[in-house]
Amino acid sequence: MNLKDISTSVPKKDHSGKVSGQLAYISDVKVENMVYGVLVRSPIAYGKIKSIQLPNFPEGYEAVGAEQIPGPNVVKIIQEDQPIFANEWVNYIGEPILMLVGKELDILYRLLNEVKIEFDELQAIYTLDDAIQQKSAPGVTMASYEFGENLDVISTIEQGAHKIIEEEYSTGYQEHVYLEPQGMLGIYKDDEIVVQGSMQCLYYIKNALISALACGDDEVRVVQSPTGGGFGGKEEFPSMMACHVAVAANAVKKSVMLVFDRSEDMVVTTKRHPAKIKYRTAIDEEGNILSMCVDVFLDGGANAGLSSVVLQRALLNSAGVYKIPHFHAKGYVLKTNTVPNGAFRGFGAPQSFAGIESHIGHISKLSKLDPLDYKRKYLVKQGDPTITKGQFRDPILMEDMIEDLLNASDFKSKKGEFQRFNQQNLRYKKGIGTSLFLHGCGFTGSGERDHIKATVKLVKSRDDKVLLKISNSDMGQGIYTTLSKIVAQALDLPFDRVLYPDPDTKEVPDSGPTVASRTTMIVGKLLERAAKKLKAQWQPGVEQEVVENYVHREMIPWDEKTFTGDAYPAYSWGVNIVEVEVDTLTGNVKLEKVYANYEVGKVIDDRIMKGQIDGGLAQGLAYGYLEKMTSKEGRIQQKSISDYGPPTSMDVVSIESKVFDNPYADGPYGAKGAGELTLIGGAPAVQAAIEDALQTSFQQIPITPEVIIESL
Amino acid sequence: MIKFTLNGRLVETDAPPTARLLDLIRDEFTLIGTKEGCGEGECGACSVFVNNHLQNSCLIPIGSIDGTDVITIEGIMESEQFKILDESYSSAGGVQCGYCIPGMVMASAALLSKNPHPSEAEIREGISGNLCRCTGYNMIVDAINLAAKKGDGLWQKK
Ligand code: FES
Ligand code: FES
């Protein structure tokens, strides 16, 4: 492959199987001697199990629980607080207690209803507000960090300030609604357990299995099935399902399939953390910011899971794209007796950006200044320090991107046009809003160096085909195509001679999880280097192998304790402009136009990038006004897709987008991360547009029709 | 015993009349192109044609399909129309995770056979029963637009 420009699109590797439906996702798979599993789940939010009474099982049906776990009863993630099967305490409604296995699902569901469990129910914490009240009680704070300017300095500044502006902002749950529900199959073999399913992180699962089964490295094997969407929802959650099917398969000596239906998936799987963010900002007479304190509270749900890392990213983005003088932030992950929250595209950043964009917008309005002019005044520039005393090293193109998007959207004249429209219309109001944002690419801090230590392998066969041996999942984002393209281009080999089989831990080294917008930038770079090495030693007709390991480029070392240093090696950037029309009678918001500019270093495939933009924005916009999930006394209230309301084709409008080139030295062909960035600006831009239409301020997302009606 | 035509072949089954058409297609006839996304008629991943009408097979008890003509994605896979849709989805970039796609393709075919030159609004309406979480729909809308142009004259052919 010899593309003049790597961005030129090529057909996707997995297109045919997907368009015809003949590609087998996990629920399409059947193996010999396969039984199904269903989970007995806690009906209460917090309590102690007193007794379990099982029904009489027909032949071939049995229960599997904590006693059958060969290793420790914990799903290995970061903190060891999540049991595989609850055996004494339950901490949320839906927590797995037992698995029933057998041939027929109908019979299993009947048996499920006949399991009788007695509990001593205790007073649970149901809401983030309750948890904030009780945050000093033992076990409630699951993680916390604090950093930035000394608080005495800030209090002196505040004393001399013209005004202190305080706001409290809240964001709701967001549910992934990947179209393929979670599914996992544990295949029983004499000498190994193979776990196959829908997943983003093969080695997370493998490590969890080695722990749960207390077995050797060669006794478990993890294979990724084609994955019908992930968005973070298949980052850590599948580890628990993998433990369930593997423990069960090991216990009953049969292959065990666990597939959720939609309502189970919506109720028990991880979601985006609801957040409460408090801002306290001192300004002078002209409206200049003198200091800012931000407190972030995340509802972690019942287990820590990845929440501490989500909080880190939320905090790292708490000042948005701005250089704020005398900035201080602290944050907490708090435990509630609700379904555990976890990874979701953006990973803490969408909450922070929604909050800071809202807050800065409100400050500017209070000071009667134009929000965008005001934001531009504080925009970080190349060479500026980050809020953690790191540095923005690379060129920042935001000014050009903003200017370009203002022109593309005809922003100025739209403003005037909408004002006139709104004066003449009582019922319908039009508004236009902007958002400015960034996304730190890759793992936070020294994660790549200390925890992930990625390795990639290229294998050249005798017929001169090259195979990518890496553990990264294509979940729709297109890495089968983009990573193959990087290798084909570097080797100058036809695209179809580069193959990327579904990853299998028996075949591939650990190139890290498929998360954190790291795959293209980090794994892609390793592959580019491996390909160049292979090219240099290429011998036609000979089997060859090349391995590459991650090398850390030292910057200002990240210190998690003091929360200082370079949190990310690089940043991707974005600007969104959104136009809405609000019906003041019904409170309905209609998107009218969406404009978006991004900078992701270098695009590896234009068409795939556009897919990330359109799909990410659809999720991000909907997070701001459409998608609403709530929990009541520990119970998720939206059990179906229509209850929850992700966008349909009627809700979305066409998006005018552009991507700016700004090649990054440590990314393959200059590429940085792109997948999460595209979601982040949606909600804040929608909020700004609705506020512009109604000439009011909101302190929360989603801004649903009810919220709008109440504000009028 | 329920008898019906499945992708042009007369078939029969002993499954109970309350069984879902979706399960019958997938389990008994091992046609995996029809996917289950919700099981409640809300996502369109299970779209099939019953007597040429686009239907969610997860909502259809097989008792009601006796004597009908059922077509799944496998039944249109060899057609010229499918080829055009396949190419259009590829060049418009309409496919990401792929899980919604067979259903989308069925909905696209249904729309174009009724309305070979749909406007953008009509396309959005035509696929509004099919959920896609990956693409934000626009590139799927483009794909259908492209298929309408490329397959001009083909859509109403039987
Ligand atoms: S599975 Fe039938 S509509 Fe969703
Ligand atoms: S491509 Fe993933 S749901 Fe449509």
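We name chains A, B, ... by the order of the sequence lines, and we start the count at 1 in each one.
- Annotation: the span from A/Q477 atom CD to B/C97 atom SG amounts to 10.5 Å, rounded to 0.5 Å.
- With a 4.5 angstrom heavy-atom cutoff, B/V95 touches chain A via backbone and side-chain atoms both.
- Remark: the backbone N or O of A/G611 is paired with a side-chain donor or acceptor of B/Q96 at under 3.5 angstrom.
- When all heavy atoms are compared, the tightest approach of A/I641 to B/G37 is CD1-O, 4.4 Å.
- Formation of a donor-acceptor pair under 3.5 Å by the A/R607 side chain with backbone atoms of B/A92 is not found in this model.
- Not one N or O on the side chain of A/K12 forms a donor-acceptor pair closer than 3.5 Å with the backbone of B/S90.
- Looking at A/V259, neither its backbone nor its side chain comes within 4.5 Å of chain B, counting heavy atoms on both sides.
- Residues of residues 119-138 of chain B lying within less than 4.5 angstrom of chain A, judged on heavy atoms, are B/R124, B/E125, B/I127, B/S128, B/L131, B/R133, B/C134, B/T135, B/G136, B/Y137, B/N138 in numerical order.
- The neighbour count for B/K83 NZ, taken as heavy atoms of other residues, nucleotides or ligands under 6.0 Å away, does not exceed 12.
- When atom types are taken as modelled, the side chain of A/H15 and the backbone of B/Y89 share no donor-acceptor pair closer than 3.5 angstrom.
- Evaluation of the salt bridge (Lys or Arg N to Asp or Glu O under 4.0 Å) rule for A/K658 yields A/D404 as partners, not counting sequence neighbours.
- Rounding to the nearest 0.5 Å places OG of A/S27 at 8.0 Å from CD of B/E36.
- Note on A/A24, A/G229, A/G478, A/S654: by heavy-atom pairs under 4.5 Å with chain B, the leading option is A/S654.
- With a threshold of 4.5 angstrom between heavy atoms, A/L23 approaches chain B through N, CA, C or O but not through any side-chain atom.
- Inter-residue side-chain proximity for A/D261 and B/E40 is flagged as unmet; no heavy-atom pair is nearer than 4.5 Å.
- Here A/G228 is the residue among A/S16, A/P11, A/A618, A/G228 with the most heavy-atom pairs under 4.5 Å with chain B.
- At distances below 3.5 Å, not a single donor-acceptor pair connects side-chain atoms of A/E180 with backbone N or O atoms of B/Y99.
- Counting non-hydrogen atoms of other residues, nucleotides and ligands closer than 6.0 Å to NZ of B/K114 gives a total of 12 or fewer.
- Taking each heavy atom of A/Q22 and B/I32 in turn, the nearest pair found is O-CD1, 3.6 Å.
- With rounding to the nearest 0.5 angstrom, the CG atom of B/D86 is 8.0 Å from the OG atom of A/S20.
- Contacts between A/K30 and chain B at a heavy-atom distance below 4.5 Å involve the side chain alone, from C-beta outward.
- Residues of residues 642-652 of chain A placed with any heavy atom under 4.5 Å of a heavy atom in chain B are listed by number as A/S642, A/Y644, A/P646, A/P647, A/T648, A/S649, A/M650, A/V652.
- Within residues 54-76 of chain B, the residues having any heavy atom under 4.5 Å from a heavy atom of chain A are, by residue number, B/I73, B/E74.
- With a 4.5 Å cut-off on non-hydrogen atoms, A/A622 does not touch chain B at all.
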